[in-house]
K.L.:
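Got a structure for you, written out below as structure tokens; questions coming shortly.
Order of the sequence lines fixes the chain letters, A, B, ..., with proteins taken first and strands second; residue numbering starts at 1 for each chain.
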Amino acid sequence: MSSHVRVRFAPSPTGFFHIGSARTALFNWLYARHTGGAFILRIEDTDEARNNPAYLQLIYDSLRWLGLNWDEGPDAGGSFGPYLQSQRGAIYQDYLEKLKATGRTYEKEGALFFRISGETQVINDAIRGPVERKEEKDFVVVRSNGTPIFHLTNVIDDIAMEVTHVIRGEDHLSNTSKHVELVKAFGAPMPIYAHLPLILKQNGPGKMSKRDQGALVEDYRKRGYFPEALDNFLALLGWSPKDDTEKMPLEEVARRFDIPGINKSNVRFDEKKLAHMNMLYLLGAPADDFLARVRAHFQLVGSAEATRALNADSAYFREIMALTQPKVKTIEEVLAYTGYFFTDEFPVDPKARDKILAKGDAAARVRELSEGLASADFSSDQSIEQAVQSIASAHNLTLSDYVHAGRLAVSGTNVGPSFYSLYRVLGKERVMQRLGAFRA
RNA sequence: GUCCCCAUCGUCUAGCCCGGUUAGGACACCACCCUUUCACGGUGAGAACAGGGGUUCGAAUCCCCUUGGGGACGCCA
């Protein structure tokens, strides 16, 4: 199905890609996919001083990582190109001639100004309803150095690219009266404007900016977050499916998404809820997918510990991760959670040690385990459990007495996977060696 | 300062348009259960209609004001 809907995401390559941009891109993408329309990526690189090719690449990478594919754009083609504003000079010249022909422009101090109409403009915002605003003074459309300004290029491109819906942040609502004046001056059809509520920083006043904690998409990528989780979380920031569904694959969100379902009020970013959403995706991921993401994350981390883990036997690695997936909330926890599997030089958590030592004679329990397990069968959780059970019975103690001390001895911590699975995966040789080396 | 937008638990929200709900869900927090630890999971608790006026038999829901929050006022985008 296709429709006439054409939406665009129009970022500037002047900084890191942040959550607010991702949300704007996502909502445009969702609307395009919902309607069967086109999602256009247009790069607004008219500020030569602040543009940076690295940031342009980051826009592509971030959108791809989020799974937001574009139908038209700098590297995707399309019949309305070029999609880099820096390459559209001739188009702007043509439109500028039309604008000059209306008699509404004049030069002052070397810059070209646009004369406002003085009329109150009514913006029929698809989210907010009718909004009245009047421009107070003429504004610059071409700088004295000859380069066109945002308001001009943005409006011209939306006209030239036949954009039907302008979905952007509410910070642009005040600009929209300028844009409406320009669209009218060009005699072009008015796009439907939809101004999204802003994302506010988690703590303190004001909207979220690139400098705020947790504001960069890149961070979540580096931390091994599932992009599906970020998408899902972002979709729920200002939009709701109206029933209580929260976890939804992007295709489902796209199917259910519509502009009337978007809320008007600003929203506060909540990293905890994002983390929870991420956990849901992590728990639901196929084991192979989890494994691949862990490996990719370890590669990205690149530390000695990460490299050591990556160099471990792949079947061993896989078994460790099978135990780990149900226990962690984020990929970034995995390295610390599994460190002791990959080295005998693991650190001992002093708090865990004190806690376990306070409960009983850990050294004795470990010694008993070491003796009792010498002839045990490590091939299954059950066989290990049976062995530990008989050790416990022989000493008139409980499983719990052995489990805690036994875990501390082989892992240096009191948290981790199921005790018997831990021993099975570590393997008899490592377990016996570590039990023997244990000193309370 | 001027203009514009917004207003339900701490947070994201359902309910609002088309007045009658014990105002529902999720995250977070707390308690308990599950349990060999830690998580997960389960159960439960606390937690909101910003305030004031109207309209109405009846207002979270409609109207106005106040307050609060946010945004814009660039030869940035």
K.L.:
Can you tell me how far C1' in C32(B) sits from the matching atom in G46(B), rounded to whole Å?
P.N.:
15 Å
K.L.:
What is the nucleic acid contact for Glu385(A), judged by heavy atoms within less than 4.0 Å: base, sugar-phosphate only, or nothing?
P.N.:
nothing
K.L.:
How is Ser418(A) classified with respect to the nucleic acid when contacts are heavy atoms under 4.0 Å: base, sugar-phosphate, or nothing?
P.N.:
base
K.L.:
Which part of the nucleic acid, if any, lies within reach of Arg128(A) when heavy atoms closer than 4.0 Å are counted: base, sugar-phosphate only, or nothing?
P.N.:
sugar-phosphate
K.L.:
Do Arg42(A) and Asp158(A) sit within salt-bridge range, that is, some charged N less than 4.0 Å from a carboxylate O?
P.N.:
yes
K.L.:
Just to verify, what does Glu332(A) make a salt bridge (Lys or Arg N to Asp or Glu O under 4.0 Å) with, not counting sequence neighbours?
P.N.:
Arg223(A)
K.L.:
When both hydrogen-bonding distances must be under 3.5 Å and the geometry is Watson-Crick or G-U wobble, what is A7(B) paired with, if anything?
P.N.:
U67(B)
K.L.:
Here's a test of your reading of the structure: between Ser421(A) and Val142(A), which maps to the more 5' nucleotide of RNA chain B?
P.N.:
Ser421(A)
K.L.:
With a 3.5 angstrom cut-off on both distances, give the Watson-Crick or G-U wobble partner of G74(B), or none if there isn't one.
P.N.:
none
K.L.:
Need two values: the first and the last nucleotide of RNA chain B, 5' to 3', having an atom under 4.0 Å from any heavy-atom of chain A.
P.N.:
C3(B) to A77(B)
K.L.:
Applying ring pair (Phe, Tyr, Trp, His ring centres under 6.0 Å) between His179(A) and each of Phe150(A), Phe114(A), Tyr193(A), report the one that passes.
P.N.:
Phe150(A)
K.L.:
Tell me whether the NZ or CZ atom of Arg6(A) lies within the 45° cone about the ring axis of Phe80(A) and under 6.0 Å from its centre.
P.N.:
yes
K.L.:
Scan Asn414(A) against the nucleic acid and name what it touches under 4.0 Å (heavy atoms): base, sugar-phosphate only, or nothing.
P.N.:
base
K.L.:
For C57(B) and U66(B), measure between their P atoms and round to the nearest Å.
P.N.:
28 Å
K.L.:
Base, sugar-phosphate alone, or nothing: which one does Tyr420(A) contact when heavy atoms must sit under 4.0 Å apart?
P.N.:
base
K.L.:
Step through the shown structure and confirm whether more than 12 heavy atoms of other residues, nucleotides or ligands are within 6.0 Å of CD on Gln57(A).
P.N.:
yes
K.L.:
Rounding to an integer number of angstrom, what distance separates G42(B) and A28(B) when you compare their P atoms?
P.N.:
12 Å
K.L.:
Would you jot down, in residue-number order, the residues of residues 225-238 of chain A having a non-hydrogen atom under 4.0 Å from RNA chain B?
P.N.:
Leu236(A), Leu237(A), Gly238(A)
K.L.:
P atom, G51(B) versus A60(B): distance in rounded Å?
P.N.:
10 Å
K.L.:
Of all heavy-atom pairs between Leu68(A) and Ala22(A), which one has the smallest distance, and what is that distance?
P.N.:
CD1-O, 4.4 Å
K.L.:
Sticking with atom P, work out how far C17(B) lies from A50(B), rounded to a whole angstrom.
P.N.:
16 Å
K.L.:
Using the P atom as the reference point in each nucleotide, state the distance between C65(B) and C29(B) in Å, no decimals.
P.N.:
42 Å
K.L.:
What contact category does Ser12(A) fall into here, base, sugar-phosphate, or nothing, at under 4.0 angstrom with non-hydrogen atoms?
P.N.:
sugar-phosphate
K.L.:
Return yes when atom CZ of Phe16(A) has more than 12 non-hydrogen atoms of other residues, nucleotides or ligands closer than 6.0 Å, and no otherwise.
P.N.:
no
K.L.:
So which one's nearest nucleotide on RNA chain B is more toward 5', Leu274(A) or Lys329(A)?
P.N.:
Leu274(A)
K.L.:
Under 4.0 angstrom, heavy atoms only, what part of the nucleic acid is His195(A) near: base, sugar-phosphate, or nothing?
P.N.:
nothing
K.L.:
Under 4.0 angstrom, heavy atoms only, what part of the nucleic acid is Lys134(A) near: base, sugar-phosphate, or nothing?
P.N.:
nothing
K.L.:
Using purine N1 to pyrimidine N3 plus N6-O4 or O6-N4 for Watson-Crick, or N1-O2 and O6-N3 for G-U wobble, each under 3.5 Å, what pairs with U61(B)?
P.N.:
none
K.L.:
Using distance alone, with no hydrogens and no angle criterion, decide if Arg407(A) and Ser411(A) have a side-chain donor and acceptor under 3.5 Å apart.
P.N.:
no
K.L.:
Is there a Watson-Crick or G-U wobble partner for U37(B) with both distances under 3.5 Å, and which nucleotide is it?
P.N.:
none
K.L.:
What is the base-pairing partner of A48(B), counting Watson-Crick and G-U wobble geometry with both distances under 3.5 Å?
P.N.:
none
K.L.:
So that I can tick it off, tell me whether Glu119(A) and Lys134(A) are bridged by a salt bridge, with the cut-off set at under 4.0 angstrom between side-chain N and carboxylate O.
P.N.:
no
K.L.:
Just grab all the ring pair (Phe, Tyr, Trp, His ring centres under 6.0 Å) pairs involving residues 362-397 of chain A, residues at least two apart or on different chains.
P.N.:
none
K.L.:
Sticking with atom C1', work out how far U13(B) lies from A7(B), rounded to a whole angstrom.
P.N.:
14 Å
K.L.:
Could you check whether Asn175(A) gets within reach of a base, just the sugar-phosphate, or nothing at all, counting any heavy atom under 4.0 Å?
P.N.:
base
K.L.:
Would you indicate what Glu44(A) reaches in the nucleic acid, counting non-hydrogen atoms under 4.0 angstrom: base, sugar-phosphate, or nothing?
P.N.:
sugar-phosphate
K.L.:
For residues 198-212 of chain A, which residues have at least one heavy atom under 4.0 Å from RNA chain B?
P.N.:
Leu198(A), Pro205(A), Gly206(A), Lys207(A)
K.L.:
Quick one: are the ring centres of Tyr95(A) and Phe186(A) less than 6.0 Å apart?
P.N.:
yes
K.L.:
When the ring centroid of Phe27(A) is compared with that of Tyr31(A), is the distance short of 6.0 Å?
P.N.:
no
K.L.:
Identify all side-chain donor-acceptor contacts of residues 229-239 of chain A below 3.5 Å with residues at least two apart in sequence or on another chain.
P.N.:
from	atom 1	to	atom 2	distance (Å)
Asn232(A)	OD1	Met248(A)	N	2.8
Asn232(A)	OD1	Tyr281(A)	OH	2.6
Asn232(A)	ND2	Glu246(A)	O	2.8

K.L.:
For atom P, what is the distance between U67(B) and G25(B), given to the nearest Å?
P.N.:
36 Å
K.L.:
If you count the non-hydrogen atoms of other residues, nucleotides and ligands that lie under 6.0 Å from NZ in Lys242(A), is the total more than 12?
P.N.:
yes
